[in-house]
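Here's the structure, in structure tokens; my notes come after.
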Amino acid sequence: MGRGGKKGTVTPHEQNPSPRPKRESNTGKRRKMKRKKKKTDLEELKKEVVLEDHKLTLEELSAKYSVDLTMGLSPRRAQEILRQDGPNTLTPPPTTSKWFKFCKHLFSGFSILLWVGAILCFVAYGIQFHQKEEPTKDNLYLGIVLAVVVIITGCFSYYQEAKSSKIMESFRNMVPQQALVIRGGEKIQINVENVVVGDLVEVKGGDRIPADLRLISSQGCKVDNSSLTGESEPQTRSPEFTHENPLETHNICFFSTNCVEGTAQGIVIATGDSTVMGRIASLTSGLAVGKTPIAVEIEHFIHLITAVAIFFGVSFFGLSLILGYGWLESVIFLIGIIVANVPEGLLATVTVCLTLTAKRMAQKNCLVKNLEAVETLGSTSTICSDKTGTLTQNRMTVAHIWFDKTIYKADTSEEQTADLSGKTFAKGSATWFILARIAGLCNRADFKAHQETLPIAKRATTGDASESALLKFIEQTYSSVKEMREKNPKVAEIPFNSTNKYQMSIHLQDDSNQTHVLMMKGAPERILEFCSSYLLKGVEYPMDDEMRKDFQKAYMELGGLGERVLGFCFLNLPSTFSKGFKFNTDEINFPMDNLCFVGLVSMIDPPRAAVPDAVSKCRSAGIKVIMVTGDHPITAKAIAKGVGIISEGNETAEDMAAQLQVPISQINTREAKACVVHGSDLKDMTAEQLDEILKNHTEIVFARTSPQQKLIIVEGCQRLGAIVAVTGDGVNDSPALKKADIGIAMGITGSDVSKQAANMILLDDNFASIVTGVEEGRLIFDNLKKSIAYTLTSNIPEITPFLLFIIANIPLPLGTITILCIDLGTDMVPAISLAYESAESDIMKRAPRNPRSDNLVNHRLIGMAYGQIGMIQALAGFFTYFVILAENGFKPIDLLGIRLNWEDRFFNDLEDSYGQQWTYEQRKVLEFTCHTAFFVSIVIAQWADLIICKTRHNSVFHQGMKNKILIFGIMEETFLAAFLSYTPGMDTALRMYPLKLSWWFCATPYSILIFIYDEVRKLIIRRHPGGWLERETYY
Amino acid sequence: MTKKEKKSFNQSLAEWKLFIYNPTTGEFLGRTAKSWGLTVFPKPLTALEYSFTVSDPRSYQGYIEDLRKFLKPYDLEEQKNLTACPDGALFEQKGPVYGACQFPVALLQACSGVDDPEFGYSIGNPCVLVKMNRIIGLKPQGEPRIECISKSENTAALSTYPPNGLIDLKYFPYYGKKLHVSYLQPLVAVQVSFNATSSTVNEVTVECKIDGSPNLKNQDDRDKFLGRVVFKVTARA
């Protein structure tokens, strides 16, 4: 059937423009060719399924696959085909090796920045090594530390991902499936993977369809195609060709769908990857996935930080040349400055923050498969949700009943614990008594055994979804169906079929064992045709026009709610049909007219209780919720209205037309906010038309869509710049799940393929969990900003000492080791603690961020961190530095230009401002004491920075200090600093020296200054929204 | 916080303070930091290696000029206004004017440059001055002296002037450049006399250390100049 694809008509939209055609031209020619081939394959896969086999007669079919329709293939022939076509399995998506995955963690995004830094360090060390005999090893150590940081963080994030993929593996169903094939006239059980094209296969209720089948015979066969089409109701399958569309015709069964009841025989027309399911799976694994928003943001951040680093580096390179330094020395300065700009700890901080959020989300039933996806949900601006199972309970439930000319509402809540039934409808009516008996007796569904302990709503049943719904409803609201059936044994029955559209059964009356009652249910209009009277409050009246009108009204109303309506009627057979009478249902020997109409029962797969609330939350969060379903437009629309995807008061163009009683062509479709698009219309649309729909309507429902169309819809949304989340459970959803910025699969009902394709799994299948995910995602985006602002700030007090060392020739105020102690030591826990910060305002009340303009790190953030707070911190550090040197005899003015003598190993009587003389080593101890003090000053200034970073807009007094981790962070960094300074042995290990207590207080005024400065800034921003300060400093 | 708690907090803070820095002993967490650094004069171009040829006056001209320049403030003429302090005791002063003690250049005897203006270089027995770095307020205990030993065995005899390398306590404490104007650091001269005058090249490595004072360190692992100095003398015939 894959070959058949070429015959398909190609409509313009199917030649979907390749998403990134420009980039291709840059790559090598050979690669281009290869890619092009892959691309055409993908385009092929994106087309609708084209199949001819369902149109063939049985003879043609037998000829095509050279198979005997009763004997099946000969075992030898089957073996040959198996050898030729390979096993009947889906090629698993190319699994990247663990090493490759590990390397991806090591060499992607942020890590590259650190690697470049490490390499530069080694280069600088190499230069120094060749230049001097005894080079300082700082650059070597720094290089090694950078490499170690990247490797450790890489291992950590790899481990995190491996952990969630382990959970994934546990989902996988490892039980090998069996299939019953007829080969050489013998029925044999074989493994599904050995089924070949042309095999004669027999399936029965409960089986999984082993391959794509063209049915040749069937007995009451029904299949559940929901995993393929999303349609929740079981479909009848028979050998007749009923529809052009292979997905709709009755005589095709699809690989990996389920046979719900009945039996059928069919010829295998496709196996493995060439099945419809296989095509979808290959389409899924072939789709190129774009970068996650957070990856884009981190890239942007790297660009910014690199630009700043290079700007600093090059300008000071020039300056040092002007100041008369040698070329090589200047190059080392250049490298030093560039490397100093690398925030060593940030990679680890970001990874840990994302991990923490991922854990928090997992607790709230959102399992994130890769860390970067944690934030994606927060950036999401459009959610394309599947209907069945996500928005709805995926369980047919009786929603309304109409009798005595009144519509009663039934309880459709998930739990159905509240015994509201008695209050909701007139249980006392004699009509209800009859209706309940018909619904219970004229019903082939039954509870499976051993479920007495479960609540009725949760019990598993055999049989069709509507009959099960009726069964449960009656069991719940009336009485035990089992007892009812025992009292009124069934004596004859005509099962439901699509031509009759009714089901009839004849039972013994329980009061008298002699008479029979004929009960019938079916399509309401068919049922009404049988009736000549109707029941009102238990009294029979002749059918009149008024009743017909009432019936029509009720039928229309219930149908309009997207509900499946069934009509019920009965007839007490005359006593001539006494007990023992042989009813013949083939040649009817009993009256089947002039029945008495009882009522209507309508059923729906009701929305989940939490969904309407979740949808409205999404809406207030500025997220567009689009329903994309394989189901019928009316049902889809009803559910959409039920859950608020089409909000109250909003109408589609069709609604407006109906209301104004004008043809639809006269309605300006732009006036309608809501719209329901049918898959067959979508098929004929150009990309521009689709864009038009997506742009002009806020509330959209796509019904009757094929898997390929879901993909096209997602691509359309992305084309308009939206960040798209897609939810789905079926295999049909998986291409869209993969293509989406974040694919969300269902943990309970979801198929393996969909889970593979998704980035996130909703463990409880509940759409409402997405909202929590969005909230967490938005929060982490805000908090990452704060965390980065905090971390970057200390970069300035780390770089400026080196710059002044070069320009003013002063002894180095802060060394590499102390810088690392800040970046990888004291700054870490506080930076991570910001991930625990609560939101400043209701983050679910604002629009999703604009990925183009609202960046994680922008120039304002860098400006604030580097230009303002960082500068104050540097002042604090230098103040402490000068205080200590002055206290020891070196006045600031005498320090200028002292560098060469200071660094001279053989200058052992360097005179200070007081005439004291210092050996090299004594000076160095003093210098390292200064490093320690500078380090402590940064820690103290970072206290204030941490507190001001808690908020971006609100006052800290408003936000409060409820973040315990943050308080712990402040204590931790202080204790760590004290530990590094005072632990005996640190002088030799890290060259950090104990400080006088008074030196700790040098930085405190600056700390207070930072706090006041930023509080005032935020106050002005709040007072003057949109003002200059906000435009320049609000990050 | 109650008053009582506050008090105990202050107490512990005071204890903590004392632990970090003890002003009476000058201890930092139990570590005494102070000692003189020893440096030598003249300053050789290559690190602490004196190399010259006896027969070529130009090879040691630089050393001699350096020494002369350095000893200029130690001239008797220059020291006229300085105090003649009593020997053997610390010269502690209260100000506001601080006097400096005389250091008669004659104490350096053969290395004073008075009798031998070539400081022994011309006869192959060069003089090297060992000086103590100035440190404000340092009060050495005991009887500090500079002891020099030859690290290469029996190649040279070392003479120290003043005898025994004695450093008189009267030069301490130092009160700083501004207060203690014209302060003269005490000096110790080492004269190297090679045993085998006949051989063409004589080499000796000399190590000088502060000794005799319990509060002055001379064994710092890292600081090779704290209370000690090592230099090498190479004299060619």
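So that the names make sense, note that chain A is the first sequence line, chain B the second, and so on, each numbered from 1. The figures that follow rest on heavy atoms only: side chains count, while hydrogens, waters and symmetry mates do not.
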### Which portion of B:K131 sits near chain A, non-hydrogen atoms under 4.5 angstrom
side chain

### Query
Which bit of B:F225 comes within less than 4.5 Å of chain A, counting heavy atoms only: side chain, backbone, both or neither?
both

### Message
Can a side-chain donor-acceptor contact be found between A:T919 and B:D223 if the only test is distance below 3.5 angstrom?
### Response
yes

### Task
Report yes if the side chains of B:K177 and A:Q916 come closer than 4.5 Å at any heavy-atom pair, otherwise no.
no

## Note on the structure
Residues A:Y914 and B:Y174: closest non-hydrogen pair is O-OH, 3.4 Å

### Message
Minimum heavy-atom separation for A:D909 and B:T39, please, with both atom names.
### Response
OD2-OG1, 3.6 Å

### Query
So which part of A:T988 gets closer than 4.5 Å to some heavy atom of chain B, the side chain, the backbone, both or neither?
both

#### Entry: A:I893, CD1: over 12 other non-hydrogen atoms inside 6.0 angstrom
no

### Task
Decide if atom CD of B:E143 counts as having more than 12 heavy atoms of other residues, nucleotides or ligands within a radius under 6.0 Å.
no

### Task
Keeping to residues at least two apart or across chains, list the salt bridge (Lys or Arg N to Asp or Glu O under 4.0 Å) pairs with something in residues 916-942 of chain A.
A:E903-A:K924, A:E921-A:R991, A:E921-B:R222, A:K924-A:E927

### Message
Just verifying a value: how many Å separate A:W918 CH2 and B:N133 CG, rounded to the nearest 0.5 Å?
### Response
10.5 Å

### Query
Between CD1 of B:I136 and CG of A:D912, what distance do you get to the nearest 0.5 Å?
6.5 Å

### Message
Any side-chain to backbone donor/acceptor pair from B:R134 onto A:Q917? Under 3.5 Å, distance only.
### Response
no

